[in-house]
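Lettering follows sequence order; numbering is per chain, from 1. Bear in mind the structure is a predicted one, so any value in this text is a computation, not a measurement.
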Number of protein chains: 2
Amino acid sequence: MSDGISGPCQIIESFELIGSKWRLIILNDLHGGEKRFNELKRSTDASSRTLSRILKELEESGLVNKEVIEDSPIATYYSLTEKGESLCPVFEEIEAWADEWL
Amino acid sequence: MSDGISGPCQIIESFELIGSKWRLIILNDLHGGEKRFNELKRSTDASSRTLSRILKELEESGLVNKEVIEDSPIATYYSLTEKGESLCPVFEEIEAWADEWL
DNA sequence: CAGAATCCTGGTGGATACTG
DNA sequence: CAGTATCCACCAGGATTCTG
């Protein structure tokens with residue numbers, strides 16, 4: 001496709017939502033199903049500071065859903081929204097590319 | 001690393017190659033065909049410092065090809081390698097996602 | 001024209017400690 | 001458990017200047 005790309009900005013905009021190391025790691029991690037804060041912390045090896053910031057960003061972008069259960073020890077569950085789930089094809093395409101070229 | 005999806009690391013690895021604002025902008029710009037340094041500088045509005053750094057990175061990743069023509073005023077042409085071109089489906093998938101969700 | 005060198009700033013992210 | 005607060009280091013990246 002020689003040009004005709006009307007929206008390079010859209011791609012850039014998209015990458016500003018998902019295209020950072022941490023956002024990717026976390027989104028990917030949540031593809032396995034909902035997880036709690038410390039669970040994510042362990043599996044992603046992010047600092048709590050970073051993790052909470054990224055989760056907040058992803059939440060504000062509408063990619064991640066947060067569910068709080070106010071029990072004795074509080075519990076929060078993070079999961080992908082529909083918008084977040086719909087990134088699957090993108091990830092798959094990247095994986096396909098990686099399989100061929102990495 | 002995490003379970004379920006086969007290669008989360010690959011995705012992250014891929015994003016370390018292409019997933020930054022400038023890498024994206026430049027890769028996208030080069031989809032229109034080869035360009036010279038200052039041409040890219042103008043169309044992407046990157047500083048020469050940034051542009052040369054990113055181009056070098058992309059070259060080392062094998063995504064971009066550099067061709068130097070040693071004439072009176074030197075001329076360099078940057079273009080996508082096959083590996084770089086093969087990212088098209090990824091970009092298209094992202095655009096599709098952006099069209100639906102942004 | 002194509003860059004490299006220098007300087008400087010803001011943001012990202014780690015480590016640690018603390019709170020509800 | 002699920003964060004927030006503080007401090008601190010590193011590096012991306014802009015502006016500018018200089019060179020082959």
Side-chain angles (χ1 to χ4, degrees), chain A residues 8-9 11-30 33-61 63-80, chain B residues 1 8-9 11-30 32-61 63-80:
Chain A
C9 314
I11 294 192
I12 293 154
E13 208 179 322
S14 303
F15 266 76
E16 266 158 19
L17 291 186
I18 63 173
S20 88
K21 183 189 160 196
W22 286 118
R23 291 196 190 87
L24 254 294
I25 292 181
I26 292 169
L27 286 174
N28 212 316
D29 217 17
L30 287 177
E34 67 175 9
K35 283 197 173 180
R36 325 177 38 163
F37 189 85
N38 278 340
E39 234 175 331
L40 279 168
K41 188 158 149 39
R42 265 175 271 119
S43 58
T44 65
D45 206 46
S47 68
S48 60
R49 186 188 169 291
T50 297
L51 184 56
S52 80
R53 215 196 53 238
I54 301 286
L55 282 171
K56 192 173 294 176
E57 289 172 12
L58 292 174
E59 213 190 325
E60 283 166 0
S61 310
L63 294 169
V64 159
N65 187 39
K66 176 182 181 176
E67 185 190 3
V68 183
I69 299 177
E70 305 257 14
D71 261 339
S72 24
I74 204 171
T76 58
Y77 290 87
Y78 291 93
S79 57
L80 293 182
Chain B
M1 210 189 219
C9 314
I11 294 192
I12 291 153
E13 209 179 321
S14 303
F15 265 75
E16 267 158 18
L17 291 186
I18 64 173
S20 89
K21 183 188 160 198
W22 285 119
R23 290 196 191 86
L24 254 293
I25 292 182
I26 290 169
L27 286 174
N28 212 316
D29 216 19
L30 287 177
E34 67 176 8
K35 282 197 174 181
R36 326 178 36 165
F37 188 84
N38 279 340
E39 234 175 330
L40 279 168
K41 188 158 148 40
R42 264 174 272 122
S43 59
T44 64
D45 206 45
S47 68
S48 61
R49 188 186 168 293
T50 297
L51 183 56
S52 79
R53 213 196 56 239
I54 301 287
L55 282 171
K56 191 172 296 178
E57 289 172 12
L58 292 175
E59 212 190 326
E60 284 165 359
S61 309
L63 294 170
V64 159
N65 186 39
K66 176 181 180 178
E67 184 190 3
V68 183
I69 298 179
E70 305 258 13
D71 260 340
S72 23
I74 204 171
T76 58
Y77 290 87
Y78 291 94
S79 57
L80 293 182

Report summary line: B:N38 atom CG is separated from D:dG20 atom P, nearest whole Å, by 18 Å
Query raised in the report: Heavy-atom distance under 4.5 Å between the side chains of A:L58 and A:L30, does that happen here?
Result: no
Report summary line: note: A:L51, atom CG; D:dG3, atom P; distance rounded to Å ~ 8 Å
Query raised in the report: Would you say A:K56 reaches D:dT4's phosphate, i.e. side-chain N/O to OP1/OP2 under 4.0 Å?
Result: yes
**Report entry** Distance below 4.0 Å between B:Y78 side-chain N/O and C:dC1 OP1 or OP2
**Finding:** no
Report task. Check whether the side chains of A:S43 and A:K35 place a donor and an acceptor atom closer than 3.5 Å, and report yes or no. Result -> yes
**Report entry** Centroid-centroid distance, B:Y77 to B:F37, less than 6.0 Å
**Finding:** no
Query - Exam field: side chain A:E57 to backbone A:I54, donor-acceptor pair closer than 3.5 Å - result: no
Report summary line: A:D71 CG to D:dG3 P, in whole Å, measures 15 Å
Requested in this report: Answer yes when A:K21 and B:E16 have at least one side-chain N-carboxylate O distance shorter than 4.0 Å, and no when they do not.
Outcome: no
Report summary line: Closest to the side chain of B:K66, out of C:dC1, D:dC1, C:dG3, is C:dG3
Report summary line: Here the distance between atom C1' of D:dG13 and atom CD of A:E16, to the nearest Å, is 14 Å
Query raised in the report: In B/S/- notation, 5' to 3', how is nucleotides 13-20 of chain C contacted by protein heavy atoms closer than 4.0 Å?
Result: BBB-----
Report summary line: note: B:L24, atom CG; D:dA12, atom P; distance rounded to Å ~ 16 Å
Query raised in the report: So does A:T76 get a side-chain nitrogen or oxygen closer than 4.0 Å to the phosphate oxygens (OP1/OP2) of D:dG3?
Result: yes
**Report entry** Euclidean distance, atom CD of residue B:E39 to atom C1' of C:dG3 [Å, nearest integer]
**Finding:** 16 Å
Query raised in the report: Given side chains that start at C-beta, do those of A:I18 and A:L27 come closer than 4.5 Å, heavy atoms only?
Result: yes
Requested in this report: Could you state the atom-to-atom distance from CD of B:E34 to P of C:dA2 in whole Å?
Outcome: 12 Å
Query raised in the report: Between B:E67 (CD) and C:dG3 (P), how many Å, whole number?
Result: 12 Å
Query raised in the report: So, B:T44 side chain and B:L40 main chain: donor-acceptor pair closer than 3.5 Å or not?
Result: yes
